[in-house]
Protein chains: 2
Amino acid sequence: MKGITRERIVAAALELLNDEGMDALTVRALASRLGVRASALYWHLRNKQELLDEMSTVVMRRVTDAVSAIPPSESWRDDVAAYARVLRAEYLRHREGARIFSGRRVSDPEIVRAKESWLARLTAAGFTLAEADDVLDLITAFVVGIVIEEQERTQSSPGRYSLAERDAWLGEGAELVKAAGHLRDQGDARFERQLGIVLDGLDRAGPRSPSSPSEVTDTRTGTGTAAVDLPT
Amino acid sequence: MKGITRERIVAAALELLNDEGMDALTVRALASRLGVRASALYWHLRNKQELLDEMSTVVMRRVTDAVSAIPPSESWRDDVAAYARVLRAEYLRHREGARIFSGRRVSDPEIVRAKESWLARLTAAGFTLAEADDVLDLITAFVVGIVIEEQERTQSSPGRYSLAERDAWLGEGAELVKAAGHLRDQGDARFERQLGIVLDGLDRAGPRSPSSPSEVTDTRTGTGTAAVDLPT
DNA sequence: ACCTGAACACCGTTCAAGT
DNA sequence: ACCTGAACACCGTTCAAGT
């Protein structure tokens, strides 16, 4: 009936985070949820930091797995959009997910190695390697930033204020701020629209001949873009 | 000689954060730094959460002040770029600044009201109000995401590994990932390049006639863009 | 191998008491 | 008005001891 294992501990920790929030995620509360004493967890984990690292790793592994399942299309734009949606969805699954799980060093090389096929896709689409790296980095940054903002609005603990309350709180003037607040949409629609803008920017910076791989040589690296060996 | 005030407490807390990191930012350590007992702080602050909120407010107020000092240019692109640089610079001032201080509810309406002049600038440049809101939101998200990543690499506590160590850690294969790691630049240059990409995207989504304000009416809101009254 | 029980140093917070 | 001293419940972590 017991069988406390690392995986079960981490899974329970992610549940506890969602149920009670980060402040309530204590070693003792976690142990109690697992029907065990706090000290028992220290046989499986070195300390609480290792638990948090493992939680991050699990979340990022889920991103990697979901992203690997995306079939390559003929459009890098669609592929990158799919990656962005998966990353957002996984962050959204966890309370404060973007803030907590972004920008953490991953302990599992397999997760970083998953970038390989994406770099291959993008270089095949005509990006230089340096550009392809920028694409992934920039999209990741965008998703992290927008989901942090999103989760502040939708998952913050206390009272969500209405637009009317906010208008009153803003006081006199600031009419554009108030009007913008009323125009503002949320959720998927807002995300898709802003994602489109970022992709437009990448499009412009990207492959010279959009549909077919170019022979252009990157002046910074001297690396041929279409001729790279793909280890896939 | 004493004179413990809210402002001094918050300033000392920001110092302590930079000196020792978030985990070491305890009420007791903060009190000790101020030459006072922990319980003394509770006369000035309701609880630790209020301290953290005040710290966020101070950081965001500095952003607002620095951003207000930016003279409007004839180019919305330059103005927005200047905002992005200021936001990044303020986050970079504080250890884990982007993670800690982004996506927090601001307690001071004056800070939110500072958005007014930016919305005015952007609508005057030909953006609809909804678009202008997107511009600021998207740029903010981008900066938050990229600085979180940046601070993980440059300010994380333990051993920074070299490229060679990372290559070994990655194991066999993943040649593109390794090559990209070696091509990767850091700091201002990387930021400016990626910022340019985002601005390109906003450019494309933006004003129909780039240099002069257009008469275009937003189909979503019916708000005339160039004819908005600017309370400034 | 896996967990308990007890202990340690430390934490945020409260509150009566001092000045 | 502003701070101290003492206390409370709780925290992460260690470790001898149990099975």
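First the proteins, then the strands, lettered A, B, ... as listed; each starts at 1.
A cation-pi geometry, defined here as NZ or CZ lying under 6.0 Å from the six-membered ring centre and within 45° of its normal, holds between A/Arg121 and A/Trp118.
For C/dC3, one of the phosphate oxygens OP1 or OP2 lies less than 4.0 angstrom from a side-chain nitrogen or oxygen of A/His44.
C/dC3 atom C1' lies 10 Å from atom CG of A/Leu41, rounded to whole Å. A/Arg37 places its CZ atom 11 Å from the C1' atom of C/dA6, with the value rounded to the nearest Å. Going from atom CD1 of A/Ile9 over to atom P of C/dC2 covers 11 Å, rounded to whole Å.
Contacts with DNA chain D (heavy atom under 4.0 Å) in residues 51-59 of chain B: none are found. Scanning residues 10-22 of chain A for heavy-atom distances under 4.0 Å to DNA chain C yields an empty list.
Contact check on A/Asp134 versus B/Arg190 returns a salt bridge, with a Lys/Arg side-chain nitrogen under 4.0 Å from an Asp/Glu carboxylate oxygen.
B/Lys178 is linked by a side-chain contact (heavy atoms from CB on, under 4.5 Å) to B/Asp167, B/Leu170, B/Glu175, counting only residues two or more places apart in sequence or in another chain. Taking B/Phe191 as the reference, B/Phe142 meet the ring-ring contact (aromatic ring centres under 6.0 Å, His included) condition, with sequence neighbours excluded.
For B/Glu116 (side chain) and A/Leu176 (main-chain N/O), a donor-acceptor pair under 3.5 Å exists by modelled atom type. Within the 3.5 Å criterion, the main-chain N or O of A/Ile4 finds a donor-acceptor partner in the side chain of A/His44.
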Task: Footprint string (nucleotides 8-13 of chain D, 5' to 3'): B base within contact, S backbone only, - free, heavy atoms under 4.0 Å - done: ---BBB
- [ ] Convert the base pairs of DNA chain C into dot-bracket notation, remembering that pairs crossing earlier ones are written with [ ] and that bases paired across to another strand are shown as |; include only Watson-Crick or G-U pairs under 3.5 Å.
- [x] ||.|||||...|||||.||
